[in-house]
Amino acid sequence: MASQNEPEYVTLVSSDGFEFIVPRSAACISGTIRRMLDPTSKFSEALTGRCVLETLNGVVLEKVCEYFLYNEKHKDQANVPDMEIPAELCLELLMAADYLDT
C-alpha cells in the first residue's frame, strides 16, 4: 500500500509512447519498477510516479500491465487459471519479465 506521500497510481510508458496507469501496488510486483519508485532511490521516477520503459513496446507493456493486475487480483487464491498469452508474444514477454524482475 502506498504511504501518504506516494500516489496510489503510477504511469508506465512504452517505447512507442503508450501510457498505462496502474495501481502502484500492482506495478511493484516488478522488482525493477519497485526500485525505480523507491523514494530513497533518488530516481526521477520516484518523484514523478512515471516510469518510461524504453525496452518495451506498447503491445508487450499492455500484456505486462494485464499480468500485474491479474496477479494482484488473484494473489491470495489457490488454483488460479493461467492467463491467456498469445504465442507470438511469448518470447518478448519472457524477456520483459526478466528485465522487470517479475
Side-chain angles (χ1 to χ4, degrees):
M1 180 173 278
S3 70
Q4 285 187 342
N5 61 347
E6 294 175 340
E8 185 178 350
Y9 291 90
V10 296
T11 304
L12 305 180
V13 184
S14 68
S15 61
D16 47 356
F18 288 94
E19 297 186 5
F20 301 89
I21 299 170
V22 296
R24 176 182 287 267
S25 57
C28 285
I29 292 167
S30 160
T32 301
I33 294 172
R34 184 173 52 250
R35 287 186 290 278
M36 291 168 87
L37 295 173
D38 181 355
T40 63
S41 71
K42 307 287 191 225
F43 290 135
S44 64
E45 293 86 355
L47 298 173
T48 64
R50 181 180 171 89
C51 301
V52 178
L53 303 165
E54 291 290 338
T55 61
L56 305 179
N57 68 39
V59 172
V60 172
L61 186 54
E62 179 180 30
K63 203 63 170 174
V64 166
C65 290
E66 185 180 324
Y67 169 75
F68 289 164
L69 297 170
Y70 187 85
N71 187 45
E72 186 167 83
K73 178 181 177 183
H74 297 290
K75 66 182 172 188
D76 295 324
Q77 298 176 10
N79 301 320
V80 176
D82 290 337
M83 212 178 102
E84 290 293 321
I85 297 176
E88 63 273 11
L89 287 181
C90 286
L91 180 59
E92 288 181 276
L93 287 170
L94 280 172
M95 292 188 307
D98 182 56
Y99 168 70
L100 293 170
D101 190 21
T102 301

Peer 1: Measure the CG-CZ distance between Leu12 and Phe68 for me, rounded to the nearest 0.5 Å.
Peer 2: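 It is 6.5 Å, given to the nearest 0.5 Å.
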Peer 1: With rounding to the nearest 0.5 angstrom, report the OG1 to CG distance, Thr32 to Leu37.
Peer 2: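 Result: 11.0 Å between the selected atoms.
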Peer 1: Is there a side-chain contact between Leu53 and Tyr99 in this structure, where contact means two heavy atoms from C-beta onward sitting under 4.5 Å apart?
Peer 2: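 Yes - at least one pair of side-chain heavy atoms lies under 4.5 Å apart.
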Peer 1: Hey, any chance Tyr67 and Tyr9 share a hydrophobic cluster, counting ILVMFWY side chains that come within less than 4.5 Å of each other, even indirectly?
Peer 2: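 No; Tyr9 is not reachable from Tyr67 via cluster members.
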Peer 1: How far does CZ of Phe18 sit from CG of Leu61, to the nearest 0.5 angstrom?
Peer 2: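 Nearest 0.5 Å value for the CZ-CG distance: 10.5 Å.
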Peer 1: Return yes if some donor-acceptor pair links the side-chain N/O of Glu72 with the main-chain N/O of Ala26 below 3.5 Å, else return no.
Peer 2: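 Pair found, side chain donor or acceptor close to backbone of Ala26.
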Peer 1: Between Asn57 and Ser14, what is the shortest heavy-atom contact and its length?
Peer 2: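 Taking Asn57 first and Ser14 second, the nearest heavy atoms are C-CB, 3.6 Å.
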Peer 1: Rounded to the nearest 0.5 Å, what separation is found between the CZ atom of Arg24 and the CZ atom of Arg34?
Peer 2: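 Answer for the CZ-CZ pair, Arg24 versus Arg34, is 12.0 Å.
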Peer 1: What pair of heavy atoms forms the shortest contact from Ser30 to Leu100, and how long is it?
Peer 2: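 Of all heavy-atom pairs spanning Ser30 and Leu100, the closest is OG-O, 2.6 Å.
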Peer 1: From Glu88 CD over to Glu92 CD, what is the distance, rounded to the nearest 0.5 angstrom?
Peer 2: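 Rounded to the nearest 0.5 Å, the CD-CD separation comes to 9.5 Å.
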Peer 1: Distance from Leu94 atom CG to Leu89 atom CG, nearest 0.5 Å?
Peer 2: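 One finds 11.0 Å between CG of Leu94 and CG of Leu89.
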Peer 1: Locate the shortest heavy-atom distance separating Ser41 from Ala46; write the atom from each residue and the value.
Peer 2: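 Looking at all heavy atoms of both residues, the closest pair is OG-CB, 3.9 Å.
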Peer 1: Should Val80 and Tyr70 count as side-chain neighbours, where that means a heavy-atom distance under 4.5 Å?
Peer 2: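 The answer is yes; the side chains approach within 4.5 Å.
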Peer 1: Check whether Ser15 reaches the backbone of Leu56 with its side chain - one donor and one acceptor, N or O, closer than 3.5 Å.
Peer 2: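 Between the backbone of Leu56 and the side chain of Ser15 there is a qualifying donor-acceptor contact (under 3.5 Å).
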